[in-house]
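Before any comments, here is the structure.
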Amino acid sequence: ALDCERILTKKGDRLARVSIVNFYGNVVFDTLIKPWAKVVDYREWITGIKQSDLKHAPSYPKVAPILKKILNNKVVVGHSLKEDFEHLKLNEDEYDCEIRDISEIHFFKRKKGAAASLPDSEPLVPLCSQSDCSSPSTCRHATPRYNPFNTSEKRKLKELAGEFLNAKI
């Protein structure tokens, strides 16, 4: 799974962190990236990134070759990967990987303005706590710890996994 965090600079959104975890949720790669433009908003409440975190971070050109090596010939799963790959400045000519973007799967889409229907008796477990709001944490939690799906929905998920990910669950 791949996740990128972006912050707002005077030149627009810029990449600030790239995280990759493997199938088992182990961190394969996780680095902060120092933007070249002046930062206007670190979006700390979303990214968990502070100004001091980027002080000694590498620039993107130093990180890009490593990313290309890691992603080559892999199946990459994530949410809104098109945006992440645009910010990573990777195009299809530079890497050979299969993309599985869960934002494109109808099953995971919610109608605009619709609230999640969760049983009142079971609380929703947040994707990350204040102490662990990190990009690897987001990757690991691509599969929720809380499973609000009923039996027929679980069957649909298994079928999707088989069809979309070539995986058997």
Side-chain angles (χ1 to χ4, degrees), residues 1-105 108-110 116 123-148 161 164-167:
L2 170 79
D3 186 43
C4 294
E5 299 295 340
R6 294 177 285 282
I7 55 178
L8 184 62
T9 70
K10 285 192 171 190
K11 301 215 178 215
D13 279 351
R14 291 295 183 257
L15 193 63
R17 185 176 193 162
V18 180
S19 301
I20 301 172
V21 299
N22 66 14
F23 179 80
Y24 303 102
N26 299 320
V27 176
V28 173
F29 185 77
D30 182 34
T31 189
L32 294 165
I33 296 174
K34 186 185 285 189
W36 290 359
K38 181 176 169 80
V39 178
V40 176
D41 186 1
Y42 287 91
R43 298 175 177 155
E44 187 178 342
W45 60 280
I46 297 172
T47 65
I49 299 170
K50 299 176 188 130
Q51 181 179 5
S52 59
D53 295 335
L54 298 178
K55 188 174 181 179
H56 299 289
S59 62
Y60 183 72
K62 292 181 179 180
V63 173
I66 300 166
L67 286 172
K68 288 176 187 173
K69 229 177 206 180
I70 293 171
L71 297 174
N72 197 36
N73 295 314
K74 301 291 187 301
V75 175
V76 181
V77 179
H79 188 271
S80 299
L81 286 172
K82 182 179 179 186
E83 292 175 26
D84 287 346
F85 274 80
E86 284 174 5
H87 280 87
L88 291 170
K89 298 178 180 124
L90 296 175
N91 62 52
E92 292 180 24
D93 298 334
E94 296 180 20
Y95 64 91
D96 184 26
C97 69
E98 293 182 44
I99 296 175
R100 301 292 188 253
D101 193 332
I102 65 170
S103 69
E104 296 176 4
I105 301 174
F108 294 106
K109 291 183 180 179
R110 185 182 303 163
L124 178 64
V125 177
L127 290 182
C128 61
S129 65
Q130 291 291 5
S131 62
D132 184 29
C133 191
S134 64
S135 204
S137 174
T138 304
C139 288
R140 279 191 212 100
H141 292 91
T143 303
R145 289 179 278 175
Y146 172 76
N147 188 349
F164 198 67
L165 301 173
N166 296 325

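Numbers here are sequence positions counted from 1.
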- Task: Using the side chain to side chain contact (heavy atoms under 4.5 Å, CB included) rule, take T47 and R17 through it: C-alpha gap first, then chi angles, then the decisive distance, then the call.
- Result: CA-CA 9 Å; T47 65; R17 185 176 193 162; over 6 Å; no

Of the non-hydrogen atoms in [X] and [Y], which two are nearest, and what is the gap between them?
X    : Y   : answer
K55  : K34 : O-NZ, 2.8 Å
G48  : D53 : O-OD2, 3.7 Å
F85  : L2  : CE1-CD2, 3.7 Å
D41  : I7  : O-CB, 3.5 Å
R100 : V75 : CG-CG1, 3.7 Å
P58  : V63 : CG-CG2, 3.8 Å

Hey, what do you get for [atom1] ([X]) to [atom2] ([Y]), rounding to the nearest 0.5 Å?
X   : Y   : atom1 : atom2 : answer
L32 : L15 : CG    : CG    : 10.0 Å
D96 : N73 : CG    : CG    : 5.0 Å
K38 : R14 : NZ    : CZ    : 15.0 Å

Using side-chain heavy atoms (C-beta onward) and a distance below 4.5 Å, is [X] in contact with [Y]?
X   : Y   : answer
D84 : V76 : no
Y42 : K50 : no
H87 : D13 : yes
F29 : L71 : no

